[in-house]
Protein chains: 2
Amino acid sequence: MPQLSPPAASAADTPRPPLSPAPVLSRRDSVVQELRRAVVRGTLRPGDKLTEVNLSETLAVSRPTIREALNQLAQEGLLVQEPYRGLRVASLEPSQILDIARTRQALDMLAVDAILEDDGGRRMTAVQECWAEYSRWENDPDPLTRHEAHVAFHRGLWAASENSMLLRMWPVTEAHLTIALAQDQAIRSDPARASVVHHHLIDALQSRDRDLIEKAFTVHTIDSARELVSIIEGKDNA
Amino acid sequence: MPQLSPPAASAADTPRPPLSPAPVLSRRDSVVQELRRAVVRGTLRPGDKLTEVNLSETLAVSRPTIREALNQLAQEGLLVQEPYRGLRVASLEPSQILDIARTRQALDMLAVDAILEDDGGRRMTAVQECWAEYSRWENDPDPLTRHEAHVAFHRGLWAASENSMLLRMWPVTEAHLTIALAQDQAIRSDPARASVVHHHLIDALQSRDRDLIEKAFTVHTIDSARELVSIIEGKDNA
DNA sequence: TGGCCCCGGAATGTCAGACAATCAAAAGAC
DNA sequence: GTCTTTTGATTGTCTGACATTCCGGGGCCA
């Protein structure tokens, strides 16, 4: 049975600078955050079963609240719900990992086009700001912090495009990204490669050369996915 | 205060053929369906306020269950949640309507590429099946049935692509599509135009000519959105 | 021995009722 | 007339309970 910490503690010890205006997450959001982080950390692994009463005791939160959090995560796709049988941490087939990559590629390029089309350069400025934020954390010793910085960077790109629909689709995307990375720890623990790839990304973006950008995103997204898939399939055969 | 019917009744009187294997939706799903349909019917209009206790009484379902349904719809984007202040039916700015159209266009073409790439023609067969289903209902006298057929058709296209990520993104897409159409009743009540546009779509798809398909989707999605926006802006000025 | 049916445990799905936290606007004080 | 207080409304959360559904084990019968 995976062990989780109560959410009240973890909500306060966020290593981020005091950027949050102090909205002190609701209990439900704390639980959501705690579960997401547990997946990133590897405390919860794809396939693990979660029960409401169990989490309720472990996290010291009532069952209805836990339930709402689980429903939210299931809707995002981080958990899968089997009616009357419980919830499990989602796991992805290789084909699904490629689906995610292709879809992200399409949406990333949609964001890129919006960013490049911008008149006053406001959107590109937003990109640079979120890149600056990313670079502050990209080499953090804590893998969780690196992951959250990575996620925030890509979300920031979509936000910079000022396309409201992309932001609405982000939670689903983030959930699947998280699962894909959690699926194989080896990938997640290669910060150097991630760093290089992201530098290429931002360089390409600043060149404003669409083809170059597309290639950089392909390396980042599609190639990584293929690599991950081959690792997983190799492990299955072993 | 908009009037809604209890979900138990509406769940049973679906005019669809008995295709459902009899999963008899859970109460929560019944509430979700009822609220969605209320928006499509115009019983609930963008900006309308919903309260938990009120719905609980109207629909004869307990508050926790109502709450779960409302959370789900808020996550999809059909409702917007103002903390401690209640929920309202979402309403869209013109720029958001265009964002939705652009995003759908990108994802539709992603689906199209997958369908065209298919080796055995299985995916194109799936397209034809969902087109057949659509044509059975496209001229139904009930606008709700037409809307659900329309939605099912587009969902079917994404499903035919066999891209799992697209299916996960569908609920968000459907919610926004619903709001956009609910925003102006005039658009929804032009079944002839919708029919023509969809015939063009399917013709283009069967030609397998990617450029032709892209143009057809542009007419369907982008042009419709522009039209809707100009109607809304015209109404604002009046 | 082997297959079918029934039953109990376990978990979710749903309900009722209550209290605390929060926000908005009305009521009151200066 | 403006600021402060109060109050009402609504959500956020909790406790406890019951109904529903699924899985697997034990008993019955051939």
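We name chains A, B, ... by the order of the sequence lines, and we start the count at 1 in each one.
- Taking the salt bridge (Lys or Arg N to Asp or Glu O under 4.0 Å) definition, one finds that B:Glu138 meets it with nothing, sequence neighbours left out.
- Between B:Arg27 and the phosphate of C:dC15, there is a side-chain N or O to OP1/OP2 separation shorter than 4.0 Å.
- Considering only side-chain N and O atoms, A:Thr65 lies under 4.0 angstrom from the phosphate OP1 or OP2 of D:dC14.
- The distance between atom CD of A:Glu82 and atom C1' of D:dC23, rounded to the nearest whole Å, is 12 Å.
- Between B:Glu52 atom CD and C:dG17 atom P there is a gap of 16 Å when expressed in whole angstrom units.
- Annotation: salt bridge (Lys or Arg N to Asp or Glu O under 4.0 Å) contacts of A:Arg28 (sequence neighbours excluded): A:Glu68.
- With rounding to whole Å, B:Glu57 atom CD is found 12 Å from C:dG17 atom P.
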Report all side-chain donor-acceptor pairs from residues 86-98 of chain B shorter than 3.5 Å, counting only partners two or more places apart or in another chain.
unit_1: B:Arg88; atom_1: NE; unit_2: B:Gly47; atom_2: O; d: 3.1
unit_1: B:Arg88; atom_1: NH2; unit_2: B:Gly47; atom_2: O; d: 3.3
unit_1: B:Gln96; atom_1: OE1; unit_2: B:Glu93; atom_2: N; d: 2.9

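- Listed by chain and residue number, A:His150, A:His198, A:His220 satisfy the ring pair (Phe, Tyr, Trp, His ring centres under 6.0 Å) test with A:His154 (two or more places apart in sequence, or in another chain).
- Every side-chain contact (heavy atoms from CB on, under 4.5 Å) that A:Glu76 has, sequence neighbours left out, goes to A:Arg36, A:Gln72, A:Leu73, A:Pro171, A:Ala175, B:Gln75.
- Ring-plane geometry between A:Phe153 and A:Tyr134 is classed as tilted, the angle between the planes lying from 30 to 60 degrees on a 0 to 90 degree scale.
- C:dC15 atom P lies 12 Å from atom CZ of B:Arg28, rounded to whole Å.
- Remark: A:Arg85 is in phosphate contact with D:dC23, judged by side-chain N or O atoms under 4.0 Å from OP1 or OP2.
- When the side chain to side chain donor-acceptor pair (under 3.5 Å) test is applied to B:Ser62, the partners found at least two apart in sequence or on another chain are B:Thr65.
- Whole-Å rounding puts the A:Leu87 CG to C:dA11 C1' distance at 11 Å.
- A salt bridge links B:Arg136 with B:Glu133: at least one charged nitrogen is closer than 4.0 Å to a carboxylate oxygen.
- Put simply, CZ on B:Arg88 is 12 Å from P on C:dA24, counting in whole angstrom units.
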(request) Encode nucleotides 15-20 of chain D as B, S and - characters from 5' to 3', where the letter depends on protein heavy atoms closer than 4.0 Å: B to the base, S only to sugar-phosphate, - to neither. (result) B-B--B
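- Listed in residue order, the members of residues 66-76 of chain B having a heavy atom less than 4.0 Å from DNA chain C come to none.
- Sorted by first then second residue, the side chain to side chain donor-acceptor pair (under 3.5 Å) pairs that include residues 162-175 of chain B, not counting sequence neighbours, are A:Asp99-B:Ser164, A:Thr103-B:Asn163, B:Arg122-B:Glu162, B:Arg123-B:Glu162, B:Trp170-B:Glu174.
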